[in-house]
Number of protein chains: 2
Amino acid sequence: MSRSAGLKKPARWADAVPAREAQFEIKRRALVREAARAFGRRGFHNTSLEEIAEALGVTKPALYRYVRTKHEILFEAKTIAFDAGARARDMAFSGTEDPLERLRLYIVHYIELVTSELGSYAVLAEPVTSLPPEYADPIRARMREADRALRGMVQAAMDAGTLAAGDPKLVVAFFMGAINHIARWYMPDGPLTGREIGETFAHFVLNGIRAPLPRG
Amino acid sequence: MSRSAGLKKPARWADAVPAREAQFEIKRRALVREAARAFGRRGFHNTSLEEIAEALGVTKPALYRYVRTKHEILFEAKTIAFDAGARARDMAFSGTEDPLERLRLYIVHYIELVTSELGSYAVLAEPVTSLPPEYADPIRARMREADRALRGMVQAAMDAGTLAAGDPKLVVAFFMGAINHIARWYMPDGPLTGREIGETFAHFVLNGIRAPLPRG
DNA sequence: CCTACCGATCGGTAGG
DNA sequence: CCTACCGATCGGTAGG
């Protein structure tokens with residue numbers, strides 16, 4: 001359609017060397033990840049673009065080659081976190097047919113993802129109100145989507161009789177609160193691996209923290 | 001010591017009408033509560049003093065009669081939340097001698113307090129980094145204090161054998177994550193009372209969400 | 001308790 | 001990718 005279309009040069013080296021665009025994506029991702037880490041630690045408004053730029057070894061205006069606004073960065077960071085949740089659900093579904101075991105797998109996998117990215121997922125704690133409607137609305141939609149999916153998983157296990165009957169909403173609020181809180185205290189170089197935390201939390205959620213043989 | 005001391009007029013009506021100072025305290029508290037609510041909902045930096053003033057029916061400069069800085073307001077709001085936690089612990093200790101029951105009482109009471117203040121306690125989610133060191137340091141100290149106290153309660157129940165042996169730190173992180181998250185989704189005019197949520201969450205924490213009689 | 005108003009921070013842009 | 005620099009927001013103050 002465009003007049004310049006006919007002038008496009010053939011790809012050099014038959015695209016064997018995608019260098020330029022690949023570099024761009026790599027840099028952009030590094031920017032979003034670094035920002036996510038900072039936003040999660042200190043909060044969106046307590047983190048200036050200049051600080052992010054400094055952490056990446058460039059100046060603030062350079063960031064604008066990769067991103068349009070600060071809001072866009074937060075939006076991308078949150079999107080990555082929601083994608084991880086969706087991936088954990090996929091893994092849980094393809095891992096087993098049993099509703100209760102699915103829930104367990106979801107918890108373990110999601111926690112492993114959350115703890116494997118240098119704390120980038122703490123951005124989930126940043127209020128959506130830090131974003132203008134154009135970004136906040138899709139994020140809220142994804143929150144509802146994740147909630148709906150998890151409630152469905154809980155309901156399925158209740159229907160199967162392996163979960164105590166009750167309000168799925170409350171159950172999801174319970175364990176997602178505990179899980180999303182992890183990003184706020186987890187230290188990648190601490191004594192516990194993501195897997196260990198995942199297994200432990202999954203056990204706590206399903207079986208509680210009580211001793212198996214309460215003394216009378 | 002002051003020269004005007006000798007000129008002080010006797011208290012009118014023998015202090016039966018403390019009006020002035022009481023009014024001041026009432027207004028100050030209304031200010032902090034309103035701000036806490038707004039900070040918890042939209043975040044500290046997304047809430048301007050002008051918005052808070054408007055919600056109270058005054059102009060921004062009027063707030064400075066009751067408070068020195070915006071930071072001080074956030075500090076007070078967080079302090080109130082920590083005081084509630086301490087009160088819940090006191091109630092738990094004076095309510096029973098049994099370590100496990102104490103934990104249960106703490107959870108129920110704390111959740112009841114958190115849900116009984118129009119969402120003021122969501123300020124706990126605001127990062128301490130929104131405060132300058134002079135305020136952030138005491139807040140961090142109180143976080144550590146609360147953590148230590150709760151770990152002690154958990155350890156006691158483990159020693160008594162009513163809680164499964166394990167890492168008290170992880171146990172506390174687990175249930176406090178779930179509990180503090182409540183302030184972020186609780187609606188005072190929703191279908192659930194704070195008491196109901198408290199009882200349910202306490203049960204989830206202690207016994208898990210699993211059905212009591214899993215089918216084989 | 002209000003009407004102005006100042007000062008600093010910081011997101012974003014110009015221009016190279 | 002950098003050196004300037006603009007513009008808006010907003011916490012806080014003056015003065016009444």
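Lettering of chains follows the sequences in order, A, B, ..., and the numbering in each one begins at 1.
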Discussion item. Starting the side chain at C-beta, find the nucleotide from C:dG12, C:dC2, D:dG12 nearest to B:P61.
Written reply: C:dC2
Practice prompt. Measure the acute angle between the ring planes of B:Y135 and B:F75, then classify it against the limits of 30° and 60° as parallel, tilted or perpendicular.
Written response: tilted
Worksheet item: Given the rule in the ring pair (Phe, Tyr, Trp, His ring centres under 6.0 Å) test, do B:F174 and A:F174 qualify, once you have shown the distances and angles that lead to the verdict?
Response: CA-CA 10 Å; B:F174 169 69; A:F174 169 69; 5.7 Å; yes
Discussion item. Side chains of B:F175 and B:V154, heavy atoms from C-beta outward: is any pair under 4.5 Å?
Written reply: yes
Fill in: Nucleic acid contacts - residues 33-50 of chain B versus DNA chain D, non-hydrogen atoms under 4.0 Å
B:T47, B:S48, B:L49
Worksheet entry | A:K60 NZ - D:dT3 C1' separation (whole Å) | 12 Å
Worksheet item: Side-chain N or O of A:K27 less than 4.0 angstrom from OP1 or OP2 on D:dC1?
Response: yes
Item to complete: Please state whether the rings of B:H45 and A:H45 are parallel, tilted or perpendicular, taking 30° and 60° as the class boundaries.
Response: tilted
Discussion item. Counting only heavy atoms from other residues, nucleotides and ligands, does the tally under 6.0 Å from CZ of B:R65 exceed 12?
Written reply: no
Discussion item. So does A:A125 get a backbone contact from the side chain of B:R184, meaning a donor-acceptor N/O pair under 3.5 Å?
Written reply: yes
Fill in: Positions of residues 63-74 of chain B (non-hydrogen atom under 4.0 Å from DNA chain D), listed by number
B:Y64, B:T69, B:K70
Item to complete: Side-chain contact test, heavy atoms from C-beta onward, threshold under 4.5 Å: evaluate it for A:E126 versus A:K78 and give yes or no.
Response: yes
Discussion item. Is it the case that over 12 heavy atoms from other parts of the model lie below 6.0 angstrom from the CZ atom of A:R41?
Written reply: no
Fill in: B:T59 vs C:dC1: side-chain N/O to OP1/OP2 distance below 4.0 Å
no
Discussion item. Under the criterion salt bridge (charged side-chain N to carboxylate O under 4.0 Å, His left out), I'd like the reasoning laid out for B:D83 against B:R87: C-alpha separation, chi angles, the key distance, then a yes or no.
Written reply: CA-CA 6 Å; B:D83 287 348; B:R87 218 170 334 131; over 6 Å; no
Practice prompt. Check the angle between the aromatic planes of A:F204 and A:F201 and answer parallel, tilted or perpendicular using the 30° and 60° thresholds.
Written response: tilted
Worksheet item: B:A92 and B:M153: which non-hydrogen atoms are nearest, and at how many Å?
Response: CB-CE, 4.4 Å
Worksheet entry | Value in whole Å for how far the P atom of C:dC1 lies from CD of B:E54 | 16 Å
Item to complete: Please map the stems of DNA chain C, keeping only stretches of three or more Watson-Crick or G-U wobble pairs with both distances under 3.5 angstrom.
Response: C:1-16 with D:1-16
